[in-house]
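Each remark here refers to the structure printed beneath this line.
Predicted, not measured: the structure shown is a model, and the values here were computed from it.
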Amino acid sequence: MLGEGNVAHTAMSGDGTTAEDDPLQTAVWRLRSRACWVDAAALLTPATPQAALQRASLLVERCLYTEAGWEDAEDALRTAEALAHTDDERGAAACERGYLAYAATLLQVRDRADEARAALGRAAALIAPGAPGRPLLDFRRGLIAENLTHSPQAARAAYRRAHAGATAHADPLLLSATWRHLAGLALREGELTEARHGFAESLRIREELGYLVGTAPALVSLADTETEPEAARLREEARRLFRLLGGVPTWLAHRLVPPEEGAATA
């Protein structure tokens, strides 16, 4: 399962997901949630470490969802790395560096698995346990364990740490991602009830936040645990959102082929 839908921690005034947030962050969130990462990044002037990091995180996320924009993400990331001065800032930039390398490896653009592991290891040395940025780092280390190292036990432990941290730091978008990936591991082990619950929680959070770009994958995952006609209803809703957002995320396309266009089934 791809590691999508995670929010990068910034030191800005909220991430735009609640009414009390900074108007700039609200505008950035609305664009990001509708797959308009370039437009969202354009609202941010990379004059401070926080703004540069947030801009980089948006463009890195675009790579994972669209399989494009790699050079833009690299440029933004280099700017964020140059502006980082504190351990937390350097650690957050390293976390984004590792995530970009992970995405390139996962999507078979280029094998950067060693770079991904090294960057997240560097981030772990810089971001203190209990710091706001730690849950996201734990989550991304779980992604590497699950999808690159193929160690579900290590992935589960990392996702659980991230889940607890996201709860403690009130990070609902990251919580939706940890629910989703813990559910994916449960489904792989045949724990259907646990998987259905986790996928349903992930979908609920994303719908409440208005995170449209992450909702179609959540619908498809929940459909995998449901019987007909509910599974078909969920997949049709995912197709509608996928078309609405212009075919994003690109890697979901093969899961959304209408039944009449797919292979014949018994």
>> Please find the pair of heavy atoms, one from A80 and one from A56, that lie closest to each other, and give the distance.
In response: CB-CB, 4.3 Å

> Any side-chain heavy atom of L222 sitting closer than 4.5 Å to one from R180?
Replying inline: no

> R90 and E81: side-chain contact (heavy atoms from CB on, under 4.5 Å), yes or no, with the steps?
Replying inline: CA-CA 7 Å; R90 285 191 290 266; E81 289 167 338; over 6 Å; no

>> Test of understanding: with salt bridge (Lys or Arg N to Asp or Glu O under 4.0 Å), list the residues that count as partners of R204, not counting sequence neighbours.
In response: E201, E208

> Does the T105 side chain pair with the main chain of R112, one donor and one acceptor, at a distance under 3.5 Å?
Replying inline: yes

> So how far is it from D75 CG to R78 CZ, rounded to the nearest 0.5 Å?
Replying inline: 4.5 Å

>> Quick check for you: to the nearest 0.5 Å, what is the distance between L182 atom CG and H197 atom NE2?
In response: 10.5 Å

>> With a 4.0 Å cut-off on N to O distance, would you call R62 and E67 a salt bridge?
In response: no

> Which heavy atom of A131 sits nearest a heavy atom of D88, and at what distance?
Replying inline: CB-OD1, 4.4 Å

> For L174 and L136, which heavy atoms make the closest approach, and how far apart are they?
Replying inline: CD2-N, 3.6 Å

>> Grouping I, L, V, M, F, W and Y whenever their side-chain heavy atoms are under 4.5 Å apart, do L83 and I127 come out in a common cluster?
In response: no

> When you look at Y99 and L77, which way does the side-chain contact (heavy atoms from CB on, under 4.5 Å) test go after all the steps?
Replying inline: CA-CA 11 Å; Y99 193 47; L77 193 47; over 6 Å; no

>> Using a 3.5 Å distance criterion without hydrogens, assess whether the side chain of T149 forms a donor-acceptor pair with backbone atoms of S151.
In response: no

> Do the side chains of V220 and L234 get nearer than 4.5 Å, heavy atoms only?
Replying inline: no

> Quick check: are there more than 12 heavy atoms from other residues, nucleotides or ligands sitting under 6.0 Å from CD of E228?
Replying inline: yes

> Just how far is it from atom CD of E194 to atom OG1 of T225, taken to the nearest 0.5 Å?
Replying inline: 12.0 Å

> Linking I/L/V/M/F/W/Y whenever any side-chain heavy atoms sit under 4.5 Å apart, do L53 and L59 land together?
Replying inline: no

> Applying the salt bridge (Lys or Arg N to Asp or Glu O under 4.0 Å) test to E226, which of R196, R233, R235 qualifies?
Replying inline: R196

>> Quick check: closest heavy atoms across P172 and A170, and the distance to 0.1 Å?
In response: CD-O, 3.2 Å

>> Using the side chain to side chain donor-acceptor pair (under 3.5 Å) criterion, which residues pair with E237? Sequence neighbours excluded.
In response: R240

>> Using side-chain contact (heavy atoms from CB on, under 4.5 Å), reason through F242 and V248 one step at a time and then give a plain yes or no.
In response: CA-CA 6 Å; F242 182 75; V248 176; 5.7 Å; no

>> Would you say the rings of F139 and H163 are close, in the sense that their centroids are separated by under 6.0 Å?
In response: no

> Any Lys/Arg nitrogen of R156 or E189 sitting under 4.0 Å from an Asp/Glu carboxylate oxygen of the other?
Replying inline: yes

>> Run D224 and R255 through salt bridge (Lys or Arg N to Asp or Glu O under 4.0 Å) and show every step you take.
In response: CA-CA 11 Å; D224 290 342; R255 301 287 309 278; 2.6 Å; yes

> Which heavy atom in P217 sits nearest to a heavy atom in P249, and how many Å separate them?
Replying inline: CG-CG, 3.8 Å

>> Tell me whether R140 is salt-bridged to E96, with the criterion being a basic N under 4.0 Å from an acidic carboxylate O.
In response: yes

> Partners of E89 by side-chain contact (heavy atoms from CB on, under 4.5 Å), sequence neighbours excluded?
Replying inline: P49, Q50, A84, H85, T86

>> I'd like to check the side-chain contact (heavy atoms from CB on, under 4.5 Å) partners of R161; sequence neighbours left out, ordered by chain and number.
In response: D138, A157, A158

> L126 and L120: same hydrophobic cluster, using ILVMFWY side-chain contacts below 4.5 Å?
Replying inline: no

> Do L185 and P152 have side chains that get closer than 4.5 Å, going by heavy atoms?
Replying inline: yes

> Rounded to the nearest 0.5 Å, what separation is found between the SG atom of C95 and the CG atom of L100?
Replying inline: 11.5 Å

>> Strictly below 4.0 Å, N to O, side chains only: are R188 and E146 in salt-bridge contact?
In response: yes

>> When you group the ILVMFWY residues by side-chain heavy-atom contacts below 4.5 Å and let the links chain together, are L244 and Y65 in the same group?
In response: yes

>> Looking at F199, is its backbone amide N or carbonyl O close enough to the side chain of S202 to form a donor-acceptor pair, meaning the two atoms are under 3.5 Å apart?
In response: no

>> If I take atom CH2 from residue W29 and atom CG from residue L58, how far apart are they, to the nearest 0.5 angstrom?
In response: 10.5 Å

> Is the closest side-chain heavy-atom distance between L256 and R243 below 4.5 Å?
Replying inline: no

> Taking the side chain from R32 and the backbone from A27, do they hold a donor-acceptor pair closer than 3.5 Å?
Replying inline: no

>> Any salt bridge linking R239 with E236? Criterion: basic side-chain nitrogen under 4.0 Å from a carboxylate oxygen.
In response: yes

> If you look at every heavy atom in I144 and A116, which pair is closest and at what distance?
Replying inline: CD1-CB, 3.7 Å

> Which residues satisfy the ring pair (Phe, Tyr, Trp, His ring centres under 6.0 Å) test with H169, sequence neighbours excluded?
Replying inline: none

For residues 35-45, which side-chain donor-acceptor pairs fall under 3.5 Å, sequence neighbours excluded?
| residue | atom | partner | partner atom | Å |
| --- | --- | --- | --- | --- |
| W37 | NE1 | E61 | OE1 | 2.8 |

> To the nearest 0.5 Å, what is the distance between OG1 (T167) and CG (L175)?
Replying inline: 4.5 Å

> Within the side chain of R34, is there an N or O that forms a donor-acceptor pair under 3.5 Å with the backbone of R30?
Replying inline: yes

> Do R206 and Y211 meet the cation-pi criteria used here (NZ or CZ under 6.0 Å from the six-membered ring centre, within 45° of the axis)?
Replying inline: no

